[in-house]
Peer 1: 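Below is one structure. I have some questions about it.
Predicted model only: the values in this text are computed from it and were never measured. One-based numbering along the sequence shown.
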Amino acid sequence: MSLLIGLFVLLKAVAYWLDRYGLAIGSDGVFPGWTGLKYTHANAVLPVKTIMASIAVICAGLFFVNVVRRSWLLPGIGIGLLLFSAVLIGGIYPVLVQQFYVRPAEADREAQFIARNIAATRQAYGVQDARIQNYDAVTDVEPGQLRADADTTASVRLLDPSVVSSTYQQLQQVRGFYAFADLLDVDRYLIDGRHQDTVVAVRELNLSGLGQGQRTWVNQHLRYTHGFGFVAARGNTRNPDGKPTFVESDIPPQGKLGKYEPRIYFGEQSPEYSVVGAPPGAAPQEIDYPDDTSPSGQRNNTYRGTGGVPVGSLGRRLLFSLRFGEEKILLSSAINAESRILYIRHPRERVAKVAPWLTLDSNAYPAVVGGRIVWIIDGYTTTNGFPYSTRVTLDEATADSLTSPERQVITPREEINYIRNSVKATVDAYDGTVTLYAWDDTDPVLRTWTRAFPGTVKPRSAIPPELLAHLRYPEDLFKVQREILARYHVTDPQAFYGGQDFWRIPDDPTEGSGHRGRQPAFYLTLRMPDQPRPTFSLSTTFVPANRPNLAAFMAVDAEPGEDYGTIRVLQLPRTTAIPGPGQVQNNFNSDSRVAQIINLLRRGESDVVYGNLLTLPVGGGLLYVEPIYVKARSGTSYPLLQKVLVGFGDRIAFENTLQEALDAVFQGRAGTTTGEAPATPPGGQPASGDLNQALADARKALADAERARVAGDWAAYGEAQRRLAEAIERATAAQQGSQPSPAPTP
């Protein structure tokens, strides 16, 4: 018995010794989530652990000696000494140090440990090299103020991916069994020789769109098996009636993206399983797409890919019948020797099966790469054991007003205190092939996993150039980093302890979001003050912890290249009240002219939807741009972009186009030209027609606008307003005998 107890106490000595190292990742800190040693840990707990380990070794020795002496004296002394030391030295002493020595001067006592926490946290979350610069934002305006930022203003993304899904649905759905995601994605493509921000989506299969009489097992699992086509629209322009300007659309696909395999067998809305494939020469049974030239009104297809699992044998049919609880898989005569069953079809689920050690970004986005549609998913390596780094909960750090149950981080752990975007993963939409590429090959966590699973991750050099062009800085990583930088931009320990300079992410001020929450981060092309040219970026804003005014603007280079991942933060003067997003939205809503037009747009059966409120560092200050959509309240309802709100300082404009709004804010001339198409009069006549004709056109446009308003036809109303503005401009030009300047809003 003495030998066994002695071994137990000796193991306790080892535990005390190892506990010393555990203090480096313990979470008993000055602030919630902190890890690492603090003053009491370093000066009381750490020595106590060493002393307790020594006492435990002595006690173990007493038990071992008792093997020979065989009395209760030595074991009693050993147990008493161990218990007395644990209570007095291990329990009471650290409490006394904390209460009577540290707490009265905590800021000074903990300063060196706060400094360690700041340095470790910034390193663990990859923000140690963030470029923070003071930005003395101006609020005054003058003509031509945006001349130096012409490239940025020409790239302002007016199309809001969180609003226009129903517009894509109505204009590009084609059939009820197709659907688009509720939240679309932003990417960039080379269009007409220029890289353009685009809002993209794939036309996925949606079995809920089938009629009740069509929802048979054969239809749902053998005939309706895949989506079809890729849709993309320019982000910075719209048609005169407010519809997106599509660069890739329709069935079969037409546009500027070239030829590619359009079928979507693996996607975010794919059925649980589909059985595909047929012997050579057999009549195709899968519904491919509607086709007016076909006698049946549709084209059929036979899957020829390598995705899924062969299910032609009786044994496999039996196994999959049990797997999906469906006896028809076993009994159906439509399943043949060449049949394959496709399952685990969601892109993120497929990557999670291949690499369960990865934490996956909440958003898989589609891209046309090398003649195929692929899903791109960002993978993170994480740990909660980085010494001294503060822990965060991923679900909370990445949540915003657009977060839904379908778009949440897939993570093997709840809390982390280290994260790297170490892997870029792709899933082929046709055959489901999962490919993992090392992105941050310096990451020690990734190196460990790849040693455990050799050959599963390809080197970064293997990334095809076409794929590289569509990789981007991941949104969830950025949201975690902005959560960290809201506090850890403060690097002075005393100032950090006081917390008076902490920031927070503002609430989303726009109406029509899925639910109230923090403002999302936005992908758009912009140029920060120290950049030579505009870059595809991911941006966010900060407000002070207890105030609504703007504290800082943050952007990261999201496009692969030399500066990829460079975080830039513009810190605004603490003594100047630059309006924050909530204040700007309030200024928009409380402006009498804006309110009058909004009420006019809401008359009848129409409603107004506020798009994303974008912030851009241009003109020496901060420019706010918000697209305004109009949609019907009932019936066939989808939003059309009709107006644009612009704010700079305390000046506001609410016009038909971004160009008009910018000119109105900057005293009639912004000094830049947007990417919007210039207005042209009916019949394509020159803009400098005679005065009488221009006035006649203005009167007709005014009458058309009034009729459209009464009828609730806001697309026609917007077109009439455009014609009215153009006619007034022609009249002014004819009267002055000069070429027209940008048209004012009537």
Peer 1: Does the distance from a Lys or Arg side-chain N to an Asp or Glu carboxylate O, for Asp400 and Lys479, drop under 4.0 Å?
Peer 2: yes

Peer 1: Would you confirm whether Ser166, through its side chain, and Gln169, through its main-chain N or O, come within 3.5 Å as a donor-acceptor pair?
Peer 2: no

Peer 1: State whether a side-chain donor-acceptor pair under 3.5 Å links Tyr610 with Asn589.
Peer 2: yes

Peer 1: So does Arg518 pair up with Asp507, basic N to acidic O under 4.0 Å?
Peer 2: no

Peer 1: Is Leu616 close to Thr152 at the side-chain level, that is, under 4.5 Å between some pair of heavy atoms?
Peer 2: yes

Peer 1: For the side chain to side chain donor-acceptor pair (under 3.5 Å) test, which of Thr541, Asp508, Thr540 pairs with Gln519?
Peer 2: Thr541

Peer 1: In terms of ring plane angle, is the pair Tyr168 and Phe180 parallel, tilted or perpendicular, where the classes change at 30° and 60°?
Peer 2: perpendicular

Peer 1: Verify whether one side chain among Gln172 and Arg203 offers a donor that lies under 3.5 Å from an acceptor in the other.
Peer 2: yes

Peer 1: Under 3.5 Å, is there a donor-acceptor pair linking the side chains of Tyr473 and Gln481?
Peer 2: yes

Peer 1: Where is the tightest heavy-atom contact between Val164 and Leu159, given as atom of each residue plus distance?
Peer 2: CG1-CD1, 3.8 Å

Peer 1: May I ask you to check if Arg472 and Tyr365 form a cation-pi contact, with NZ or CZ under 6.0 angstrom from the six-membered ring centre and within 45° of the axis?
Peer 2: yes

Peer 1: Do Leu572 and Asn134 have side chains that get closer than 4.5 Å, going by heavy atoms?
Peer 2: no

